[in-house]
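Below is one structure, written out as structure tokens; the observations come after it.
These values consider heavy atoms only, across backbone and side chains, with no hydrogens, waters or symmetry-generated copies.
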Amino acid sequence: MTEAAPTIVILTGAGISKESGLDTFRDSDGIWAKVRIEDVATPEAFARNPSRVQEFYNARRAGLKEPGVVPNAAHEALARLERDWPGEVLLVTQNIDDLHERAGSRNLIHMHGELLKVRCEYCEALMTWTESLQTTTPCPHCGRKNGMRPQVVWFGEMPLGMDKIYETLDTCRLFVSIGTSGNVYPAAGFVQHVRYRGVAHSVELNLEPSQGATLFAEAIYGPATEIVPAFVDRILKDGIPEV
């Protein structure tokens with residue numbers, strides 16, 4: 001029996017979408033430099049001022065519809081890696097945009113939720129949502145008002161898909177972190193988790209070194225649209241480096 005090709009886990013952050021016209025969070029001119037996390041991205045903020053929180057996410061949802069916001073070469077390269085690599089490629093993204101899906105990625109976990117989905121806190125219905133959402137918007141499933149919220153993981157809430165993520169980190173032979181600051185947990189701890197196993201190669205692809213840059217076995221810096229396609233080409237041609 002032929003041995004299965006090794007598994008690859010890719011983690012992406014806001015840096016991969018920056019060249020598609022979306023703001024990052026932690027850059028000096030990023031989203032959190034313009035608005036306080038405590039005002040728009042916690043359960044307490046939503047309880048205190050739900051209208052303001054809805055307005056914040058309505059604006060970001062509308063931004064995804066801008067004509068210039070499309071998948072870039074980095075998104076497309078990762079979709080190609082999933083398609084052409086003979087083993088499993090799991091893409092874990094901290095991003096709440098839909099650019100990976102639009103590029104063609106399918107084996108994908110949005111650990112921080114999805115901007116184009118909402119859920120009802122009364123009946124727990126989860127649904128695709130592309131328009132503005134108000135606090136008084138009735139749930140299409142149960143009809144109740146004041147219960148609809150973005151399907152976004154706020155600070156203080158548990159990220160999604162963690163069992164599957166750690167299960168795959170435990171078996172992967174290559175872990176790649178792309179466009180992330182390296183200071184938001186639990187994602188920032190993935191490289192330590194992989195490094196502890198001692199059998200997987202780890203790579204950081206970023207515009208500049210992240211907070212956890214020294215934990216990676218390899219690092220390549222530059223614009224995502226340049227370095228990610230080149231890295232994918234290398235892996236598809238030469239395979240995964242030995243540890």
Side-chain angles (χ1 to χ4, degrees), residues 8-35 40-41 54-85 89-118 126-133 150-153 159-161 176-182 184 187 203-208 210 220-236:
I8 298 172
V9 176
I10 310 284
L11 171 69
T12 65
I16 198 171
S17 295
K18 185 172 184 177
E19 290 177 82
S20 289
L22 296 180
D23 288 337
T24 60
F25 286 89
R26 295 179 180 276
D27 284 350
S28 59
D29 60 346
I31 292 171
W32 299 142
K34 303 169 186 174
V35 61
V40 297
Q54 298 285 23
E55 289 171 3
F56 175 76
Y57 288 99
N58 285 341
R60 299 200 62 210
R61 198 178 295 116
L64 285 182
K65 299 180 183 179
E66 293 292 329
V69 177
V70 295
N72 63 49
H75 296 104
E76 293 166 354
L78 295 182
R80 177 163 56 89
L81 179 63
E82 179 187 324
R83 183 180 67 245
D84 294 347
W85 181 252
V89 176
L90 176 64
L91 179 55
V92 179
T93 185
Q94 299 172 89
N95 299 337
I96 59 176
D97 62 61
D98 65 338
L99 296 179
H100 282 304
E101 288 92 336
R102 284 198 253 165
S105 293
R106 294 294 175 261
N107 193 27
L108 174 65
I109 294 175
H110 279 273
M111 63 179 296
H112 291 167
E114 299 177 64
L115 189 58
L116 298 183
K117 289 186 178 178
V118 299
L126 180 66
M127 61 210 88
T128 299
W129 201 272
T130 59
E131 305 302 323
S132 291
L133 182 66
Q151 175 63 355
V152 173
V153 176
L160 307 175
V176 186
S177 176
I178 303 172
T180 179
S181 62
V184 177
V203 184
E204 173 167 272
L205 305 178
N206 215 348
L207 190 60
E208 57 189 21
S210 72
I220 302 170
Y221 299 115
T225 53
E226 297 176 11
I227 64 175
V228 176
F231 180 78
V232 168
D233 288 343
R234 189 188 101 189
I235 294 299
L236 290 176

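The shortest non-hydrogen separation linking Ser210 to Ser181 is CB-O, 3.3 Å. Between Glu19 and Pro223, the shortest heavy-atom contact is OE2-C, 3.6 Å. Ser20 and Val70 get closest at one heavy-atom pair: OG-O, 2.7 Å. Here the closest heavy-atom approach between residue Ala224 and residue Pro229 is recorded as O-CD, 3.4 Å. When every heavy atom of Ala79 is checked against every heavy atom of Ala103, the shortest pair comes out as CB-O, 3.4 Å. Closest non-hydrogen pair, Pro71 versus Glu76, comes out as O-OE2, 3.9 Å.
With a 4.5 Å cut-off on side-chain heavy atoms, Arg102 and Val69 count as touching. Inter-residue side-chain proximity for Ile220 and Arg234 is flagged as met; some heavy-atom pair is nearer than 4.5 Å. A 4.5 Å side-chain heavy-atom check between Val118 and Met127 finds at least one atom pair inside the cut-off. Looking at heavy atoms from C-beta onward, Gln94 lies in side-chain contact with Leu11 at the 4.5 angstrom threshold. Side-chain contact between Arg80 and Asp233: present, with at least one pair of heavy atoms (C-beta onward) separated by less than 4.5 Å. Annotation: side chain of Asn72 is not in contact with side chain of Leu99 (no heavy-atom distance under 4.5 Å). For the pair Ser132 and Gln54, the minimum side-chain heavy-atom distance is 4.5 Å or more. By the 4.5 Å heavy-atom criterion applied to side chains, Thr93 and Ile16 are not counted as neighbours.
Rounded to the nearest 0.5 Å, atoms CG (Leu205) and OH (Tyr221) are 9.5 Å apart. Going from atom CD1 of Ile227 over to atom OG1 of Thr225 covers 9.0 Å, rounded to the nearest 0.5 Å. Interatomic distance, OG of Ser17 versus NE2 of His75, reported as 3.5 Å (0.5 Å rounding). Between the CG atom in Leu116 and the CG atom in Asp98 there is a gap of 5.0 Å [rounded to 0.5 Å]. Atom CD1 of Ile96 and atom CZ of Arg60 lie 4.0 Å apart (nearest 0.5 Å).
Although no hydrogens or angles enter the test, the distance criterion places a donor-acceptor pair under 3.5 Å between the side chain of Arg61 and the main chain of Glu131. Of the possible polar contacts, one joining the Lys65 side chain to the Thr130 backbone as a donor-acceptor pair under 3.5 Å is found. In this structure, the side chain of Asn206 engages the main chain of Thr180 through a donor-acceptor pair within 3.5 Å. Checked by atom type and distance alone, the side chain of Asn95 never pairs as donor or acceptor with a backbone atom of Asp97 at under 3.5 Å.
The salt bridge (Lys or Arg N to Asp or Glu O under 4.0 Å) search around Arg106 returns none, not counting sequence neighbours. Scanning for ring-ring contact (aromatic ring centres under 6.0 Å, His included) contacts around His110 gives an empty result, with sequence neighbours left out. Among residues two or more places apart in sequence or in another chain, the salt bridge (Lys or Arg N to Asp or Glu O under 4.0 Å) test is passed with Glu114 by Lys117.
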Do Asn58 and Leu133 pass the side chain to side chain contact (heavy atoms under 4.5 Å, CB included) test, and can you show the C-alpha distance, the side-chain angles, and the key distance before you say yes or no? CA-CA 7 Å; Asn58 285 341; Leu133 182 66; 3.9 Å; yes
Take Ile235 and Trp85 through the test side chain to side chain contact (heavy atoms under 4.5 Å, CB included) and record every step on the way to the result. CA-CA 9 Å; Ile235 294 299; Trp85 181 252; 3.9 Å; yes
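Partner of Leu78 under the side-chain contact (heavy atoms from CB on, under 4.5 Å) criterion, out of Val176, Val89, Ile10: Ile10 alone.
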